[in-house]
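Here is the structure we will look at.
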Amino acid sequence: ARLGAEIFDLIDSTDATPAAGARPAMPVETVVVCELFKEFLAFAGFANTLAVFTAEAATPAGDATQLSRDVIAADLGVRQATDESAQLPLVYGLVAALKRAQRDKIDAL
């Protein structure tokens with residue numbers, strides 16, 4: 001997978017288009033989704049997939065992020081009520097919130 005990421009970088013940097021290497025700025029929503037994916041992939045131990053995703057999405061590598069976890073959590077309204085939930089990727093909090101909303105909706109009927 002690391003080789004795949006390096007090949008992608010090479011192909012991307014030698015693109016014959018006039019604006020090679022220049023990518024338009026991503027919408028904030030796309031940045032948030034990319035950061036959620038990166039956090040989950042790192043948590044799940046998918047280092048090779050993360051390396052390829054980081055290269056293809058043109059996001060900062062390693063622990064660098066475009067938006068902090070706290071900013072994303074606040075923007076999405078994800079509660080991190082316990083130390084355990086703070087250790088899980090934010091996408092787990094989103095799933096829990098959706099399940100809670102669905103359960104509340106059913107209970108209200």
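Each residue takes its place number in the sequence, starting with 1.
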> Could you give the distance from NZ (K38) to OG1 (T49), rounded to the nearest 0.5 Å?
Replying inline: 14.5 Å
>> Quick check for you: to the nearest 0.5 Å, what is the distance between L36 atom CG and L41 atom CG?
In response: 11.0 Å
> Hey, what do you get for CZ (F40) to CZ (F46), rounding to the nearest 0.5 Å?
Replying inline: 5.5 Å
>> If you compare all heavy atoms of I72 against all heavy atoms of E35, which two are closest, and at what distance to 0.1 Å?
In response: CD1-CB, 3.5 Å
> Are V32 and V28 side-chain neighbours, meaning at least one heavy-atom pair lies under 4.5 Å?
Replying inline: yes
> Are any of the side-chain heavy atoms of L90 and L76 separated by less than 4.5 Å?
Replying inline: no
>> Using the rule that Ile, Leu, Val, Met, Phe, Trp and Tyr join whenever any side-chain heavy atoms are under 4.5 Å apart, tell me whether L94 and L67 fall into a single cluster.
In response: yes
>> Please evaluate residues M26 and T59 with respect to the criterion side-chain contact (heavy atoms from CB on, under 4.5 Å), reporting the C-alpha separation (whole Å), side-chain torsions for both, the decisive distance (0.1 Å), and the verdict.
In response: CA-CA 10 Å; M26 284 191 267; T59 62; 4.1 Å; yes
> About how many Å separate CD of E39 and CG of L50, when rounded to the nearest 0.5 Å?
Replying inline: 11.0 Å
>> Would you compute the distance between atom CG of D75 and atom CD of E29 and round it to the nearest 0.5 angstrom?
In response: 8.5 Å
>> Are V52 and F43 linked, directly or through intermediate hydrophobic residues, by side-chain heavy-atom contacts shorter than 4.5 Å (ILVMFWY only)?
In response: no
>> In terms of relative ring orientation, are F53 and F37 parallel, tilted or perpendicular, with 30° and 60° separating the classes?
In response: perpendicular
